[in-house]
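Worksheet for the structure shown next.
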Amino acid sequence: MTAIVAGLTAREPRPSLGHGVCKRFPLGDQTTARSTITDVARLAGVHPSTVSRALHRADLPLSPETRRRVLAAVERLEYRPSAIARGLRLRRTRTLGMLVPDITNPFFPPIIRGAEEAARERGYELVLCNTDDDAEREKASLRVLRERQADGLLIATSRMADATLASVRRERFPFVLVNRGSRVVEDPAVEVDNARAAAEIVAHLVHLGHKRIAHIAGPLNTTTGAERAAGYDDALRTHGLPGEAALIAEAVAAAALFWRPRSAR
């Protein structure tokens with residue numbers, strides 16, 4: 001990379017940035033150093049706050065000539081604003097964290113895609129964390145997202161411990177539960193009515209004339225698995241059908257290929 005220094009360059013001299021802009025910087029190690037907002041301000045002959053105003057605050061008054069000099073200096077120095085530094089200053093990084101239990105589960109990619117598109121439409125980026133439904137990985141992901149000052153969380157992990165979720169509440173860290181509920185009714189959540197959905201499926205099969213209806217449940221230590229199993233049980237009672245332990249199996253982990261009858265637990 002060629003060192004870009006006003007008046008000192010290995011290339012042919014570029015046109016002046018404008019009247020009164022003729023600054024020289026010591027060469028030193030700037031051949032590899034990243035340009036700062038102070039460098040841009042010096043080259044443009046303005047205060048660093050003016051550079052910030054030109055780049056980020058189009059609503060504030062700034063003369064066209066000053067804005068032109070700032071943008072020309074930005075281009076000359078190949079300056080790229082630090083999102084982290086700006087986030088620390090504004091206490092906002094315009095990033096959202098999303099925790100999912102298993103990215104290989106085909107159920108989650110469409111949800112992630114929808115969340116990412118909605119975030120970008122509003123000027124946010126999504127940081128995805130795969131937890132494998134492991135409590136320690138969930139805690140580690142939360143710690144990283146807090147340290148990086150994410151503006152909020154989308155929590156799609158159905159096994160997150162109540163104590164972990166309680167710590168998020170205590171810190172007033174904005175969050176939304178995705179595809180899971182909570183014992184705390186005030187917690188914002190986007191979810192399916194799992195119990196009602198399971199009950200409607202049972203009702204549909206009953207209307208087709210079926211009497212022995214099996215249920216392959218999700219892990220019953222998850223909110224979604226427990227709610228669906230409850231809806232299934234309630235629907236059997238509603239339609240006067242006996243519950244048979246042999247017709248109920250619980251999927252373990254995230255794989256439906258590995259299961260065990262409820263009576264074997």
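All values reported here derive from a predicted model rather than from experimental measurement.
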**Message:** If you compare all heavy atoms of Val100 against all heavy atoms of Ile103, which two are closest, and at what distance to 0.1 Å?
**Reply:** CG2-N, 4.5 Å
**Message:** I'd like to know if the side chain of Asp233 and the backbone of Ala230 have a donor-acceptor N/O pair within less than 3.5 Å.
**Reply:** no
**Request:** For His210, look at atom NE2 and say whether over 12 heavy atoms of other residues, nucleotides or ligands are found less than 6.0 Å away.
**Result:** yes
**CG on Leu142 to CD1 on Ile155, rounded to 0.5 Å** = 6.0 Å
**Fill in**
Note: Pro106 and Pro110 closest approach over all heavy atoms is O-CD, 3.5 Å
**Message:** If we ignore hydrogens and angles and just use 3.5 Å, is the side chain of Arg69 paired with the main-chain N or O of Ala44 as donor and acceptor?
**Reply:** yes
**Asked** Can you tell me if Arg137 uses its side chain to pair, donor with acceptor, with the backbone of Asp133 under 3.5 Å?
**Response** no
**Prompt:** If you round to the nearest 0.5 Å, how far is CD1 of Ile216 from CZ of Arg228?
**Reply:** 13.0 Å
**Minimum heavy-atom distance Ile213-Tyr232, with the two atoms named** = O-OH, 2.6 Å
**Request:** Using the rule that two of Ile, Leu, Val, Met, Phe, Trp, Tyr join whenever any of their side-chain heavy atoms come within less than 4.5 Å, decide whether Val184 and Phe173 are in one cluster.
**Result:** no
**Asked** Taking it one step at a time, do Asp151 and Arg94 satisfy side chain to side chain contact (heavy atoms under 4.5 Å, CB included)?
**Response** CA-CA 6 Å; Asp151 294 330; Arg94 304 199 74 80; 4.3 Å; yes
**Item:** Spacing of Glu136 atom CD and Thr164 atom OG1 [to the nearest 0.5 Å]
**Value:** 8.5 Å
**Request:** Please answer whether the main-chain N or O of Ala54 pairs with a side-chain N or O of Arg67 as donor and acceptor at a distance below 3.5 Å.
**Result:** yes
**Request:** Please report the closest heavy-atom contact between Leu220 and Ala229, naming both atoms and the distance.
**Result:** CD2-CB, 3.6 Å
**Request:** For the pair Asp132 (side chain) and Asp134 (backbone), establish whether a donor and an acceptor sit closer than 3.5 Å, ignoring hydrogens and angles.
**Result:** no
**Pairwise side-chain contact, Glu191 with Leu177, heavy-atom cut-off 4.5 Å (strictly under)** = no
**Hydrophobic cluster identity match, Val176 and Leu96, side-chain contacts under 4.5 Å** = no
**Prompt:** Is atom CZ of Arg148 surrounded by more than 12 heavy atoms (other residues, nucleotides or ligands) closer than 6.0 Å?
**Reply:** no
**Request:** Could you tell me whether a side-chain N or O of Ser35 sits under 3.5 Å from a main-chain N or O of Leu77, the two making a donor and an acceptor?
**Result:** yes
**Asked** Taking all atoms of both residues into account, what is the closest heavy-atom pair of Arg180 and Ala189, and its distance?
**Response** O-CB, 3.7 Å
**Request:** Could you give me the CA-CA distance, side-chain angles and deciding distance for Arg120 and Glu117, then say whether side chain to side chain contact (heavy atoms under 4.5 Å, CB included) is met?
**Result:** CA-CA 5 Å; Arg120 285 188 172 176; Glu117 289 181 352; 6.0 Å; no
**Prompt:** Can you tell me how far the CD1 atom of Ile248 sits from the CG atom of Leu236, to the nearest 0.5 Å?
**Reply:** 7.0 Å
**Item:** Gap separating the NZ atom of Lys211 from the CG atom of Leu205, nearest 0.5 angstrom
**Value:** 11.5 Å
**Prompt:** CD of Glu200 to CG of Asp193: how many Å apart, nearest 0.5 Å?
**Reply:** 8.0 Å
**Check: Thr157 main-chain N/O paired with Glu138 side-chain donor or acceptor under 3.5 Å** = no
**Message:** I'd like to check Thr224 versus Val192 (side-chain heavy atoms, cut-off strictly below 4.5 Å). Are they in contact?
**Reply:** no
**Pair Arg68 + Glu65, salt bridge at N-O below 4.0 Å** = yes
**Item:** Non-hydrogen side-chain atoms of Leu153 and Arg146 separated by less than 4.5 Å
**Value:** no
**Request:** Looking only at non-hydrogen atoms, find the nearest pair between Asp187 and Phe175 and report the distance.
**Result:** OD1-CZ, 3.5 Å
**His239 side-chain N/O to Leu241 backbone N/O, donor-acceptor pair under 3.5 Å** = no
**Positive for side chain to side chain contact (heavy atoms under 4.5 Å, CB included) with Arg53, one of Val70, Thr66, Leu62** = Leu62
**Prompt:** Thinking salt bridges, do Arg169 and Glu186 make one under a 4.0 Å N-O criterion?
**Reply:** no
**Asked** Can you find a heavy atom in the side chain of Met98 that is under 4.5 Å from one in the side chain of Ile111?
**Response** yes
**Matching residue for Leu99 among Val178, Leu154, Leu145 - test: side chain to side chain contact (heavy atoms under 4.5 Å, CB included)** = Leu145
